[in-house]
Amino acid sequence: MKLINHDQVLKKMSPRKWKNSVFKGLFMFATALALVVLAILLYRIITQGIGYLDWQFLQSLPSRNPEQAGIKTALIGTIWLMGVVAPVTLILGVGTAIYLEEYASKNKFTSLIQINISNLAGVPSIVFGLLGLTVFVRALTLGTSVLAAGLTMSLLVLPIIIVASQEAIRSVPMELREASFGMGANKWQTIVRVVMPAALPGILTGTILALSRAIGETAPLVVLGLPLFLAFLPQSVFDMFTVLPMQIYNWTSRPQEEFHAVAAGGIIVLLIMLIVMNSIAVLIRNKFQKRF
């Protein structure tokens with residue numbers, strides 16, 4: 001008895017193979033197009049800005065003369081900003097994730113919180129800028145200080161860190177928790193000594209990627225009113241400052257062609273910072289990730 005009709009199988013498989021080839025070609029074309037556009041963009045930025053990229057460029061203050069312009073204030077301001085954003089988001093984000101995953105009861109209220117956190121991760125960044133302008137700049141009278149901008153950017157990336165931390169904590173097998181309880185550990189000891197060490201690589205990876213987004217954001221800082229030109233360095237979190245995206249935006253808005261080349265040099269510095277941070281995230285994930 002013949003159970004399989006090979007002619008019918010080939011007849012039905014031919015259209016499927018054709019469709020597979022068509023979609024494979026479309027996907028390859030889309031990928032190649034994106035890579036070509038990225039390559040052109042990188043080539044233009046590097047060829048235009050590599051001539052300005054030297055030690056003097058990193059050590060000089062902004063200037064109205066493009067040959068003397070530097071990014072020292074913007075670079076130091078970016079470091080100050082990350083010095084506020086990193087601890088605030090790490091403490092609040094990881095703490096929220098621990099509570100939601102380990103302590104909070106699974107009910108409609110916690111489900112509503114989870115949905116809102118996920119929705120906040122997709123809110124446009126300019127909305128957070130308006131919130132920071134209303135609360136931190138005006139209501140708390142912090143002005144355009146490092147603290148006001150840092151708290152605003154913390155709100156921007158906090159949902160991302162919460163979601164990433166929850167996923168990392170959720171990936172820890174329940175058997176490890178049960179084994180810890182069986183050895184006589186209480187809830188907090190289990191979290192600190194068992195759950196967090198296992199989830200730490202995922203938490204750090206999500207945090208670094210979220211901070212990478214915060215470094216490159218401009219819209220919230222424009223809404224806050226950060227200065228485009230600043231010729232002095234901040235001395236505390238209550239001082240005015242500027243960051244690399246704002247400085248680049250200032251140079252690209254100038255009519256002189258030389259400032260566009262200087263802006264390309266600033267973009268190269270910003271890209272290097274982002275690549276280093278993303279590389280650190282990959283190394284942490286590959287080195288400390290455990291398979292359970």
Side-chain angles (χ1 to χ4, degrees), residues 38 40-86 125-126 129 132 143-154 156-157 208-281:
L38 178 61
I40 293 174
L41 179 62
L42 290 176
Y43 173 78
R44 176 173 174 80
I45 291 173
I46 292 174
T47 55
Q48 194 174 11
I50 196 67
Y52 286 89
L53 196 60
D54 54 17
W55 187 251
Q56 181 181 355
F57 180 68
L58 298 176
Q59 287 291 315
S60 300
L61 299 176
S63 173
R64 289 180 171 82
N65 187 354
E67 286 76 15
Q68 300 176 356
I71 60 168
K72 183 176 182 179
T73 55
L75 186 60
I76 299 300
T78 301
I79 296 174
W80 270 94
L81 180 65
M82 290 300 102
V84 174
V85 175
S125 59
I126 194 170
T144 56
S145 62
V146 177
L147 184 59
L151 293 176
T152 302
M153 301 304 287
S154 298
L156 174 65
V157 300
I208 293 173
L209 294 177
L211 294 179
S212 299
R213 181 190 175 186
I215 284 181
E217 282 290 348
T218 310
L221 303 179
V222 172
V223 174
L224 292 181
L226 259 66
L228 297 177
F229 183 90
L230 199 65
F232 59 88
L233 300 177
Q235 302 299 322
S236 70
V237 294
F238 299 103
D239 292 343
M240 293 179 61
F241 79 114
T242 190
V243 292
L244 283 173
M246 295 293 294
Q247 187 64 68
I248 293 169
Y249 173 74
N250 178 32
W251 284 332
T252 55
S253 63
R254 297 288 186 90
Q256 297 93 332
E257 189 68 26
E258 292 81 4
F259 275 113
H260 297 170
V262 177
I267 292 173
I268 294 175
V269 175
L270 185 59
L271 284 175
I272 292 174
M273 294 180 65
L274 293 174
I275 291 173
V276 169
M277 294 184 69
N278 291 332
S279 300
I280 292 174

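These numbers come from a predicted model, not from an experiment.
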Indicate yes or no: at least one non-hydrogen side-chain atom of [X] is less than 4.5 angstrom from one of [Y].
| X | Y | value |
| --- | --- | --- |
| Met153 | Pro220 | yes |
| Trp251 | Ile71 | yes |
| Val223 | Ile126 | yes |
| Gln68 | Ser60 | no |
| Met273 | Leu244 | yes |

Which of these passes side chain to side chain contact (heavy atoms under 4.5 Å, CB included) with Met246: Thr78, Leu226, Leu230? Leu226
Take Phe241 and Thr73 through the test side-chain contact (heavy atoms from CB on, under 4.5 Å) and record every step on the way to the result. CA-CA 7 Å; Phe241 79 114; Thr73 55; over 6 Å; no
To the nearest 0.5 Å, how far apart are [atom1] in [X] and [atom2] in [Y]?
| X | Y | atom1 | atom2 | answer |
| --- | --- | --- | --- | --- |
| Ser154 | Leu147 | OG | CG | 9.0 Å |
| Ile76 | Phe232 | CD1 | CZ | 14.0 Å |
| Ile268 | Ile248 | CD1 | CD1 | 10.0 Å |
| Ile267 | Gln247 | CD1 | CD | 12.0 Å |
| Leu271 | Ile46 | CG | CD1 | 8.0 Å |
| Trp80 | Ser236 | CH2 | OG | 6.0 Å |

Taking all non-hydrogen atoms of both residues into account, name the closest pair between [X] and [Y] and its distance.
| X | Y | answer |
| --- | --- | --- |
| Val157 | Ala210 | CG1-O, 3.3 Å |
| Asn250 | Ser253 | O-OG, 2.7 Å |
| Ala148 | Gly143 | CB-O, 3.2 Å |
| Leu53 | Phe57 | CD1-CD2, 4.0 Å |

Establish, yes or no, whether the cationic atom of Arg64 lies under 6.0 Å from the six-membered ring centre of Phe229 and within 45° of the ring axis. yes
Could you please spell out the steps behind the side-chain contact (heavy atoms from CB on, under 4.5 Å) verdict for Ser212 and Ile215? CA-CA 5 Å; Ser212 299; Ile215 284 181; 5.8 Å; no
I need the full list of side chain to side chain donor-acceptor pair (under 3.5 Å) pairs touching residues 257-268, with sequence neighbours left out, sorted by first then second residue. none
Check the surroundings of atom OH in Tyr249: do more than 12 heavy atoms from other residues, nucleotides or ligands lie under 6.0 Å from it? no
Has Gln256 got more than 12 heavy atoms of other residues, nucleotides or ligands less than 6.0 Å from its CD? yes
Return yes if some donor-acceptor pair links the side-chain N/O of Asp239 with the main-chain N/O of Pro234 below 3.5 Å, else return no. no
Could you walk me through whether Ile45 and Ile50 satisfy the side-chain contact (heavy atoms from CB on, under 4.5 Å) test, starting with their C-alpha distance in whole Å, then the side-chain angles of each, then the deciding distance to 0.1 Å, before giving a yes or no? CA-CA 8 Å; Ile45 291 173; Ile50 196 67; over 6 Å; no
Name all residues meeting the salt bridge (charged side-chain N to carboxylate O under 4.0 Å, His left out) criterion together with Arg213; count only those two or more places apart in sequence or in a different chain, and write none if there are none. Glu217
Taking only residues two or more places apart in sequence or in another chain, which ones pass side-chain hydrogen bond (donor to acceptor under 3.5 Å, both in side chains) with Thr144? none
Do Leu221 and Leu224 pass the side-chain contact (heavy atoms from CB on, under 4.5 Å) test, and can you show the C-alpha distance, the side-chain angles, and the key distance before you say yes or no? CA-CA 5 Å; Leu221 303 179; Leu224 292 181; 4.3 Å; yes
